[in-house]
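A short write-up of the structure that comes next.
This is a predicted model, so every value here is computed, not measured.
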Amino acid sequence: MDKKKLVILVATVLILALIGGGIYAGLSSAEKRQARRAANTLTLARGYMDNGEYAMALELINKLLIDDAGNEKALTLRDDIIRKKKAEEAEKAKEQLKARDDLSKTISELGTTIEKTSVTQVSKEAASRKKEELARLDAARKEAERKKKEEAERLANLSKAEQERRAKVKELIEKGRDKMDEEQHIQARGYFDEALKLDPDSAEAYAETGESYFREDDESQSNINKAVEYANKAIEKDKNLWIPYETLGKVYAKQNQWENAIDAYGTAAKLNPENAELLFELGKAQYRARKYDQARASFEACIHIDPQHEKAYLNLGFTQRRLGSSAGAFAAFKGAAKLNPSNPIPFFQMGELSRLANDNGRAIENYLKAASLDSSKAIYQASLAAQYALTGDYNKAEKYFLKALDLNPSDPVTNHNMALTEINLGKYSQALTYASKAVTLKGDSAEYLYTLGLVSEYLGSTASAIKAYEASASRDPGYIQPRINLGKIYDEQGDYDKALDHLLKAYQNDPDSLEINNNLGNVYLHTGLYKDSIIHYKKAISKKPNATLMRYNLALAYIETGEKNEAVSVLSELIKIDSTYWDAYYTLGKLLYAEGQQDKARELFKALLDKKPDYDKKDEIESLL
C-alpha cells in the first residue's frame with residue numbers, strides 16, 4: 001500500500017490584525033494622542049505663520065522639536081517660517097509659484113513614486129486610477145491653501161483687539177487639546193467652554209468638544225450622542241473644518257456604519273489632504289465595506305503622503321489580496337517588511353502568497369522568518385511544517401509540527417498533519433497517537449477518520465481499520481478514499497458483496513479513478529465476472545500504462561474469457577515493460593504451449609530459467625521442456 005501523500009490543511013490566515021475585522025486598526029491610543037498633539041501643534045504654528053506671527057509660531061515648533069528632534073514636518077515648517085520671515089513679498093510669491101510647480105512635478109511622476117514605494121509594476125489602468133486620485137488630492141490641497149490664505153487675509157484686516165481675542169481663543173483650544181491628550185477630558189472641555197465664551201462661533205471649539213466626548217468613552221451612548229451633536233454644531237459654524245468630519249467618521253466606524261464612515265472620512269480627507277492618517281482610516285472603512293478598489297487607492301495615497309506608514313503597506317497588501325493581485329500584495333508586504341524587519345506579519349503573508357504560487361523555496365524562507373521573529377504563534381510553526389512536508393522533508397516537518405503542538409496541543413488540523421507526517425516517516429505508533437487525538441478533537445471529520453483507519457491498517461489492526469473507514473464513509477458518502485480501502489480489505493477477506501458495494505459507490509463519484517477501477521477489476525476477477533473485470537482493468541491501465549500487476553490480471557481475465565490472442569498481446573507487452581516479471585514468462589509460455597506454439601514456449605521457459613534459476617515453478621517448467 002502506498003503511503004498517503006500529506007494534504008495541507010493548515011488554515012490560510014489572510015489577516016491577523018483583527019479577528020474577522022480584516023485589516024490593521026492603526027495606531028495605539030498613546031500613538032494617536034502623540035500624533036494628534038503633534039499635528040495640532042503644527043496646525044497652530046502654521047496658523048501663526050500665516051498671520052505673520054513668526055515668533056509665536058517658532059516657539060511652538062521649538063517645543064515640538066524638544067520632544068521629537070527628528071520630526072521632519074516640524075523641521076520643514078520651522079525652515080518655512082524662518083524663510084518666510086526673512087523673504088520679501090516678491091520673493092514669497094516666487095517661492096509659492098515654485099512650490100506649485102514642484103507639486104505639479106510630483107503629480108506627473110506619480111507612477112514612479114508609487115512604484116518605488118510599493119515595489120511593484122502596475123498596469124496602465126491602475127496607473128491611470130492613481131493619477132486621477134492624486135489629481136483629486138492636489139485639487140483638494142490647492143483649495144485648502146486658497147481658503148487658508150483667505151482666512152489669513154481676513155485676520156490681517158481685523159483690529160488688534162480682535163486679533164488678541166482670537167489668539168486667546170486659539171490658546172484655550174490648544175490647552176484643551178493638551179488636556180485631551182492627557183485623557184483629562186473634563187478639564188479639556190473646560191478650556192473649550194472658555195473659548196466658546198470668547199467666541200460663540202468657534203467651530204474648532206465645538207469640534208474639539210465633540211472629539212473629547214468620543215475619546216472619553218466611545219462605548220457610552222450618551223458620549224456618542226454628545227460627540228455627534230458637537231461635531232454637527234462645528235460643521236454648522238464652518239463646513240470647511242476637517243476635525244468634526246473625522247470625529248463623525250470615528251463614530252460611524254465604531255457602529256459599523258461603513259458607508260457613513262466613508263462619507264465622513266472622505267470629506268475630512270478632502271479638507272485636510274496632507275493628513276495621511278485620514279486616508280488610512282478612510283481606506284479601512286472602504287475595506288470593511290468591501291469597496292476594495294477604493295480602499296487600495298486610499299492606502300496608496302496614504303503611502304504617497306507618508307512613505308514610512310508601515311500599516312498602510314500592510315493593509316494595502318491585504319486589499320491587493322482581496323482584489324486578486326498576488327504580485328501587488330507581495331510587493332506591499334515586502335514594503336512593510338522593509339520598514340519594520342522585526343514584524344513577522346508581512347513575512348508570514350509573503351509565505352502564504354509564495355505557497356499559493358507553488359514557490360516552495362520562497363514560502364519556506366518567509367515562513368521561517370516569521371516563525372523566528374515570533375516563536376509564540378502556532379500558526380507560523382504549523383505553516384512552516386506543512387510547507388516542509390509538501391517538499392518531502394518530513395523530518396523538518398515533524399520538528400515544526402511538534403513546536404506548533406507545544407503551543408496549541410488542541411488543534412485538530414495540526415494533530416492530523418502530524419499523523420500524516422509520522423506515516424510518511426514510518427512511525428506508525430506515533431501516527432496513531434496523533435490521528436486518535438485529531439478524531440477526538442473533531443470526530444465529524446471524514447478525513448481524520450480515514451487517516452485513523454490508514455494508521456490502523458499499517459499497524460495490522462484490520463478490524464480497527466474497517467471501523468474507522470466505515471465511520472469515515474458514513475460521515476461523508478462522497479469521500480471515496482475510505483471506500484477504496486474498504487473495497488480492497490473486503491476483497492481480500494472474500495466478502496465480495498461488501499467490496500462491490502463500497503467500490504461501486506466510489507465509482508459513481510470518480511469513474512476515472514485508477515484505484516477504484518483496479519480494485520473493481522480485482523473483485524470481478526475473483527467473482528468470475530471476467531468481462532466486467534476486463535472493462536475496469538483497461539480503464540485503470542489507461543491511467544497508468546506502465547502498471548505491471550494490472551496488466552497481468554488483465555491477461556488472466558482474457559484467458560478466462562477465451563480471448564487468448566489478447567492475453568498473449570498483454571503478456572508480451574508486460575515482459576517488455578518489466579523483464580523481471582517472472583510470472584508473465586510462465587503464464588505466456590503455458591499459453592503458447594497450449595496453443596501449439598511449443599518452440600516459442602520453450603524459448604520463453606529457457607529464458608525464464610536462465611534469468612531466474614530458482615523460480616518456484618522450475619520443476620513444472622523442466623517437465624514441459
Side-chain angles (χ1 to χ4, degrees), residues 1-12 351 355 360-361 363-365 367-368 370-372 375-473 475-476 479-489 492-493 515 519:
M1 183 183 297
D2 293 335
K3 291 182 180 178
K4 185 178 186 298
K5 185 178 180 181
L6 184 71
V7 178
I8 299 304
L9 291 175
V10 178
T12 299
R355 175 180 65 81
N360 293 326
I364 288 174
E365 177 187 351
Y367 282 144
L368 191 59
S372 65
S375 59
S376 68
K377 286 282 194 306
I379 186 66
Y380 295 168
Q381 307 295 333
S383 297
L384 176 59
Q387 202 63 35
Y388 275 126
L390 277 177
T391 64
D393 193 340
Y394 297 109
N395 288 309
K396 286 185 179 178
E398 180 186 44
K399 172 184 174 181
Y400 287 101
F401 275 135
L402 283 172
K403 288 186 176 184
L405 288 170
D406 284 342
L407 294 167
N408 185 10
S410 298
D411 179 38
V413 174
T414 306
N415 276 283
H416 179 241
N417 279 349
M418 184 63 170
L420 295 173
T421 299
E422 299 292 44
I423 289 173
N424 281 287
L425 288 171
K427 299 179 179 180
Y428 302 124
S429 295
Q430 294 93 320
L432 181 63
T433 299
Y434 294 110
S436 299
K437 181 72 175 290
V439 169
T440 300
L441 293 167
K442 190 172 171 49
D444 61 347
S445 170
E447 186 161 6
Y448 295 178
L449 285 163
Y450 167 74
T451 300
L452 179 60
L454 190 67
V455 177
S456 300
E457 200 173 351
Y458 280 129
L459 290 171
S461 179
T462 304
S464 296
I466 290 174
K467 183 179 178 180
Y469 287 147
E470 290 283 8
S472 175
R475 293 291 191 282
D476 183 0
Y479 186 35
I480 65 173
Q481 289 303 131
R483 295 191 184 279
I484 292 172
N485 287 17
L486 283 168
K488 184 174 184 298
I489 291 173
E492 291 171 350
Q493 293 179 343
E515 288 180 286
N519 288 352

Step by step, work out the side-chain contact (heavy atoms from CB on, under 4.5 Å) result for E422 and Y434. CA-CA 9 Å; E422 299 292 44; Y434 294 110; 4.0 Å; yes
Nearest 0.5 Å, please: how far is [atom2] in [Y] from [atom1] in [X]?
| X | Y | atom1 | atom2 | answer |
| --- | --- | --- | --- | --- |
| Y388 | D393 | OH | CG | 7.0 Å |
| L432 | S464 | CG | OG | 8.5 Å |
| L449 | D444 | CG | CG | 8.5 Å |
| E457 | K488 | CD | NZ | 6.5 Å |
| Q387 | I364 | CD | CD1 | 5.5 Å |
| N395 | N424 | CG | CG | 11.0 Å |

Quick one: do the Y469 and N485 side chains pair a donor with an acceptor below 3.5 Å? yes
List the atom pairs, with distances to 0.1 Å, where a side-chain N or O of residues 396-409 and a protein N or O form a donor-acceptor pair under 3.5 Å, not counting sequence neighbours.
residue : atom : partner : partner atom : Å
E398    : OE1  : K427    : NZ           : 3.3
E398    : OE2  : K427    : NZ           : 3.0

For A468, does its backbone N or O pair with a side-chain atom of S472 as donor and acceptor, under 3.5 Å?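 The answer is no, because no donor-acceptor pair under 3.5 Å joins these two groups.
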Can K437 and M418 be said to form a side-chain contact (heavy atoms from CB on, under 4.5 Å), step by step? CA-CA 10 Å; K437 181 72 175 290; M418 184 63 170; over 6 Å; no
Shortest non-hydrogen contact from N415 to S410? ND2-C, 4.4 Å
Identify the heavy atoms of P412 and A438 that sit nearest to each other, and give their distance.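 For P412 and A438, the tightest heavy-atom pair comes out as O-CB, 3.8 Å.
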Side chains of Q430 and Y428: closer than 4.5 Å at any heavy-atom pair? no
Less than 4.5 Å apart, any side-chain heavy atom of Q481 and any of E447? no
Stepwise side-chain contact (heavy atoms from CB on, under 4.5 Å) check, E365 with Y367: CA-CA 6 Å; E365 177 187 351; Y367 282 144; over 6 Å; no
Kindly indicate, with the supporting measurements, whether the criterion side-chain contact (heavy atoms from CB on, under 4.5 Å) is fulfilled by Y450 and I480. CA-CA 10 Å; Y450 167 74; I480 65 173; over 6 Å; no
